[in-house]
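To keep things clear, I will list the structure first and then write my remarks on it.
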Amino acid sequence: MDPDDLPDTDLVFKGIDGAEAESFIMSIQRIARKEGKSRDSEWIVDLVSSCLTGEALRWYVELDDDTQSDWKRLRKAILQRYPSHTEPSTTAVDRTVPTPAAAANPPKTISGLQPTQASNSTYRIRVYFSSMPSEFFLSTTDEKHVCLTKNVGRALKVCWTPKTELQLLESPPPLRGSKRNA
């Protein structure tokens, strides 16, 4: 391809990080669309190779010919080489229910701390299903297992003071011979 067929651009990719890589790819795609070349892989990879400098250029020349000559492969290789360092998206809802038996033993009553010292109110943890309150509260069956109960008297008692963590005040005594507490 004749280098004169490429547009004049000040676009440069140095290979600094994932954010630069994403911006570079978006800019390349915009230029290709503007020039009517968005489906011309050969033209795009020629444009890309003319914009590389520094570490990115050194990395590029080590790529195999198939990757250098195919925009889809090259784009994927750039994003793999320069990954984004952001946290994974939380828009997808994880519907996995944790297994209570795998949890650590519930904490004991907090020694030396009276409910009135931590907060003026004692709370219980009500369980919600699909954003709707249920008639169930969090409770324990023994020192190792968590369960749900409809009996408010068997619910875990907790207190909370603004700017502090939720604290367990009282755990109901273990049920004898029963795994369920409904």
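None of the values given here were measured: they were computed from a predicted structure. Excluded from the calculations below are hydrogen atoms, water molecules and symmetry mates; all remaining heavy atoms, backbone and side chain alike, are included.
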- Item | Value rounded to 0.5 Å, distance of CD in Glu35 from CG in Asp40 | 11.5 Å
- Heavy-atom nearest pair, Ala32 first then Trp43, reads CA-CZ3, 3.7 Å
- Item | Any residue meeting side chain to side chain donor-acceptor pair (under 3.5 Å) with Ser41, in chain and number order, not counting sequence neighbours | none
- Task: Heavy atoms only: give me the nearest Ser38-Ile44 pair and the separation to one decimal.
- Result: O-CD1, 3.7 Å
Identify every side-chain donor-acceptor pair in residues 70-80 under 3.5 Å, counting partners at least two apart or on other chains, and give the distances.
from: Asp70; atom 1: OD2; to: Lys72; atom 2: N; distance (Å): 3.3
from: Asp70; atom 1: OD2; to: Arg73; atom 2: N; distance (Å): 2.9
from: Arg75; atom 1: NH1; to: Gln29; atom 2: OE1; distance (Å): 2.9

- Can you list the residues that meet the side chain to side chain contact (heavy atoms under 4.5 Å, CB included) rule with Ser49, with sequence neighbours excluded? Tyr60
- Item | Exercise: identify the closest heavy-atom pair between Gly15 and Ala56 | N-CB, 3.6 Å
- Query: Which value, rounded to the nearest 0.5 Å, describes the distance between Leu57 atom CG and Glu62 atom CD?
  - Reply: 10.5 Å
- Got a second to check how far Arg30's CZ is from Ile25's CD1, nearest 0.5 Å? 12.0 Å
- For the residue pair Asp64 and Thr67, what are the closest heavy atoms and their distance? OD1-N, 2.9 Å
- Please name all residues satisfying side chain to side chain donor-acceptor pair (under 3.5 Å) with Arg81, sequence neighbours left out, ordered by chain then number. Glu55
- Cluster question for you: counting only ILVMFWY and a side-chain heavy-atom cut-off of under 4.5 Å, with indirect links fine, are Val48 and Val61 together? yes
- Ser27 side chain to Ser23 backbone, donor-acceptor under 3.5 Å: yes
- Residue pairs fulfilling ring-ring contact (aromatic ring centres under 6.0 Å, His included) with at least one residue in residues 16-36, sequence neighbours excluded: Phe13-Phe24
- Can you sort out the partners of Asp66 under side chain to side chain donor-acceptor pair (under 3.5 Å), two or more places apart, ordered by chain and number? none
